[in-house]
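Lettering of chains follows the sequences in order, A, B, ..., and the numbering in each one begins at 1.
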2 protein chains.
Amino acid sequence: MRSRPPTIKDVAEQAGCGIATVSRVLNGTGSASADTRRKVLSAADALGFEFSALGRSLQSSSTKTIGCIVPSLANPVFAEVVQAAQQEAHLEGYQLILACSEYDEMQELQAARTLIAKQVDGLVLTVNNASDSEALELIRDRRLPCCLVYNRASFGLPAWAVDNRAAAREVAQAFHDEGHVQTGFLALRFHRSDRSRERYEGFAAACREFGMADPLLLEIEEQEGNLLELLGTLLAEHQALTGIFASNDFLALAAMKAARALGKRIPDDLSLVGFDGISTGLLVDPHLATVETDPRTMGQGAVQSVLARLLDRPTPDLPSAAATFSFRAGGSLGPPVPGKADGREAATSLPSHE
Amino acid sequence: MRSRPPTIKDVAEQAGCGIATVSRVLNGTGSASADTRRKVLSAADALGFEFSALGRSLQSSSTKTIGCIVPSLANPVFAEVVQAAQQEAHLEGYQLILACSEYDEMQELQAARTLIAKQVDGLVLTVNNASDSEALELIRDRRLPCCLVYNRASFGLPAWAVDNRAAAREVAQAFHDEGHVQTGFLALRFHRSDRSRERYEGFAAACREFGMADPLLLEIEEQEGNLLELLGTLLAEHQALTGIFASNDFLALAAMKAARALGKRIPDDLSLVGFDGISTGLLVDPHLATVETDPRTMGQGAVQSVLARLLDRPTPDLPSAAATFSFRAGGSLGPPVPGKADGREAATSLPSHE
DNA sequence: TCCCTTTTTGGAAACGCTTTCATCAAAGTG
DNA sequence: CACTTTGATGAAAGCGTTTCCAAAAAGGGA
């Protein structure tokens with residue numbers, strides 16, 4: 001029919017009354033005679049009228065919108081965080097505007113700017129480096145309700161975070177219990193993620209505490225396709241390691257695959273522990289030992305924290321540090337077995353495949 | 001400093017000029033003397049002024065925002081779609097508002113309503129049933145620029161879709177080539193996804209075409225935790241099947257695990273083929289045979305289609321049906337080997353694990 | 001019937017922006 | 001020097017709401 005969507009003015013005209021009355025009737029605020037109500041309702045219905053959130057937001061200076069910035073959705077952890085955040089926001093009638101920083105601080109900052117310009121009512125985000133983020137600075141200065149996820153509290157902002165150091169300590173303990181001494185820490189974009197660094201630092205400190213050798217830091221820069229090759233090279237260069245703690249599960253699984261291609265038995269020749277606890281870890285054989293976290297709770301909690309500030313509700317309790325993760329044992333971690341560790345070509349150790 | 005964010009009026013006051021001038025200077029539209037320009041710029045800077053997208057949108061009736069509805073982010077396919085869509089939108093200065101339908105038509109409709117009320121400039125979405133979606137009806141009636149993803153074209157809306165039937169035919173062909181006759185089709189929420197149904201129909205038709213038995217339809221309703229148990233039961237009930245085509249990779253991987261728990265060798269006792277081509281399929285052993293699709297291209301393309309309409313650009317070409325997928329061979333599909341098929345308890349067939 | 005209270009109603013302002021239009025001064029032009 | 005052109009500028013309208021306020025209508029009691 002009409003190309004321009006109908007406005008409240010159109011409804012008023014059709015119903016033969018003023019726009020104020022239409023607003024009152026349709027919003028159920030204020031009084032109106034039964035007759036007027038009927039006329040307004042039918043006019044609105046006939047025109048297929050819906051309020052424009054724009055005019056409303058301008059007026060109320062509340063957009064019912066929450067901004068969400070995560071590094072990437074390629075990581076299922078963040079995908080889950082976002083999904084849970086979206087659901088939680090939806091429950092209260094809020095929408096989520098999504099932005100991905102691609103692990104880049106400039107994009108992170110720009111995203112924050114854009115979302116602020118869009119007048120989001122609050123923000124939920126995972127930044128690359130919580131202790132030094134221009135985006136967080138901006139948000140703090142703007143006094144915008146905000147909550148961090150998977151970052152530790154910073155800039156005075158609340159955070160639903162995993163205690164990476166404590167978790168890493170448990171991993172070190174597990175390695176130690178199995179008798180490992182020389183381990184490595186494998187990270188994908190080490191300098192771009194404070195989470196990765198915290199895990200490494202906690203791991204290194206704990207290794208020292210348990211009297212193990214300092215873990216070797218194995219960094220990989222980019223994820224360009226040849227990840228498996230890079231891992232293969234890296235593993236080949238460090239045959240002495242009996243165990244590797246990877247900064248996330250995908251990396252651990254990829255390392256598992258690369259190690260096998262090198263003829264290594266898991267866990268006899270090389271033990272592996274991941275981080276995150278994604279479900280894929282339970283589909284492989286042996287199961288991936290890992291640190292389980294709960295992305296859904298994190299995303300949901302972060303939104304609740306923000307909403308609490310917006311709606312003047314009591315702030316939800318942040319989880320105690322110890323409750324933010326749990327070590328999950330798995331067949332990929334076992335005692336080192338000195339056996340035939342160095343068979344370069346060993347397709348035979350790849351099961352059910354010959 | 002000030003609790004209320006500064007408006008253009010504040011800047012004008014501080015710079016000692018009219019708001020129109022501020023708008024012109026800051027937007028780089030229209031002319032202004034060097035002196036005024038300087039004053040405006042410094043005033044804006046001093047106040048930390050940023051335009052409110054709200055006022056601007058109200059005025060221009062364009063929010064620079066695209067709505068995005070997908071069933072869930074738990075499926076990495078959709079996570080990638082959303083990520084790619086977000087990136088592509090971002091390139092043109094558009095933001096993405098995200099909504100998840102949770103495979104529920106009511107939520108799907110409600111999301112569409114909300115996004116429309118939020119005055120999104122366009123929509124990119126995957127619906128549950130493209131041929132019969134109230135949400136799509138609404139969108140079509142509103143004449144909103146919109147593009148479907150992973151659904152086939154419907155309601156006159158363009159679509160970046162996978163040719164599910166053709167893909168399923170290739171899977172049937174592959175099963176046939178390996179000598180399978182009695183296969184099954186495994187689906188998670190069959191009645192909630194037209195994609196799943198199309199795959200089944202295409203598969204069934206092709207099986208018939210190749211002279212195979214009609215595939216058994218194995219449905220699973222909900223995904224509540226015990227998925228592996230359900231799969232185990234299901235598989236135990238249908239020992240005659242030599243091959244299973246799953247409606248997505250996760251399901252195929254889970255089935256693989258469940259089958260092994262039953263003592264089945266993959267692929268000798270049971271061949272498996274998935275759909276989607278998620279990277280996890282390459283981390284397991286043997287590799288999962290599957291139909292690869294390209295969620296990034298889909299998401300990106302869909303946004304381009306919408307943007308083309310918004311910015312009056314030539315419509316991007318939709319991919320030819322055949323180019324929307326490619327069959328990926330994998331060790332999980334092989335010829336059926338009658339051997340010791342029925343060992344109920346057979347931990348031995350689980351490799352490197354005893 | 002008149003006056004007072006209560007309910008219903010619409011005009012108008014405000015929200016923050018862009019854009020048109022008219023004004024005014026400066027700068028050319030003859 | 002009178003006259004036109006040009007550039008710079010601000011007032012005001014309009015975008016779609018909500019809400020305040022005053023006016024009008026409707027009851028109610030004497």
So, does the side chain of B/Arg24 form a donor-acceptor pair with the base of D/dG10 at under 3.5 Å? yes
Nearest-nucleotide comparison on DNA chain C, the residue closer to the 5′ end among A/Ala20 and A/Ala34: A/Ala34
Heavy-atom nearest nucleotide on DNA chain C for A/Ile19 versus A/Ser31: which residue maps closer to 5'? A/Ser31
Check B/Cys100 against B/Pro71 and note the closest heavy-atom contact, atom names and distance. CB-O, 3.9 Å
Short side-chain N/O contact to C/dT9 OP1/OP2 from A/Thr36, under 4.0 Å: yes
May I have the distance from B/Leu54 (atom CG) to D/dT18 (atom P), rounded to whole angstrom? 13 Å
Using a heavy-atom cut-off of under 4.0 Å over every strand shown, decide if B/Thr7 touches base, sugar-phosphate, or nothing. sugar-phosphate
In whole Å, what is the span from the CD1 atom of B/Ile8 to the C1' atom of D/dT9? 14 Å
A cation-pi test, strictly: NZ or CZ of B/Arg189 under 6.0 Å from the centre of the six-membered ring of B/Tyr103 and no more than 45 degrees from its axis. Yes or no? yes
Could you tell me whether B/Thr29 contacts a base, only the sugar-phosphate backbone, or nothing, with contacts defined as non-hydrogen atoms closer than 4.0 Å? nothing
Quick one: is B/Ser33 getting a side-chain N or O under 4.0 Å of the D/dA8 phosphate, OP1 or OP2? no
Does B/Thr21 have a side-chain nitrogen or oxygen under 4.0 Å from the phosphate oxygens OP1 or OP2 of D/dA8? no
Please classify the nucleic acid contact of B/Ala32 as base, sugar-phosphate, or nothing, using heavy-atom distances under 4.0 Å. sugar-phosphate
Could you state the atom-to-atom distance from CD of A/Gln119 to P of C/dG16 in whole Å? 9 Å
Indicate yes or no for a side-chain donor-acceptor contact from A/Asp45 to the backbone of A/Leu41 under 3.5 Å, with no hydrogens or angles considered. no
Using atom CD of B/Glu13 as one end and atom P of C/dG16 as the other, report the distance to the nearest whole Å. 13 Å
Starting from C1' on C/dT9, measure out to CZ on A/Arg37 and report it in whole angstrom. 13 Å
Here the distance between atom P of C/dC15 and atom CG of A/Leu58, to the nearest Å, is 9 Å
Assign each of A/Lys9 and A/Ser60 the nucleotide of DNA chain D bearing its closest heavy atom; nearer the 5' end lies the nucleotide of A/Lys9
Within 45° of the axis and under 6.0 Å from the centre of the six-membered ring of B/Phe51, does NZ or CZ of B/Arg56 qualify? yes
With respect to A/Val22, which candidate in A/Asn27, A/Thr7, A/Val11 satisfies the side chain to side chain contact (heavy atoms under 4.5 Å, CB included) definition? A/Val11
What's the CG-C1' distance between A/Asp35 and C/dT9, to the nearest Å? 13 Å
Pick base, sugar-phosphate or nothing for A/Gly55, based on heavy-atom distances below 4.0 Å to the nucleic acid. base
Quick one: is C/dG16 close enough that its OP1 or OP2 comes under 4.0 Å of any side-chain N or O from B/Arg56? no
Using only heavy-atom distances, determine whether the side chains of B/Gln87 and B/Arg296 contain a donor-acceptor pair under 3.5 Å. yes
Any base atoms under 4.0 Å from A/Glu50, or only sugar-phosphate, or nothing? Heavy atoms, all strands. sugar-phosphate
Sugar-phosphate, base or nothing in reach of A/Ser23, heavy atoms under 4.0 Å: base
Take the protein atom CZ of B/Arg38 and the nucleotide atom P of D/dT9, then report the distance between them rounded to whole Å. 12 Å
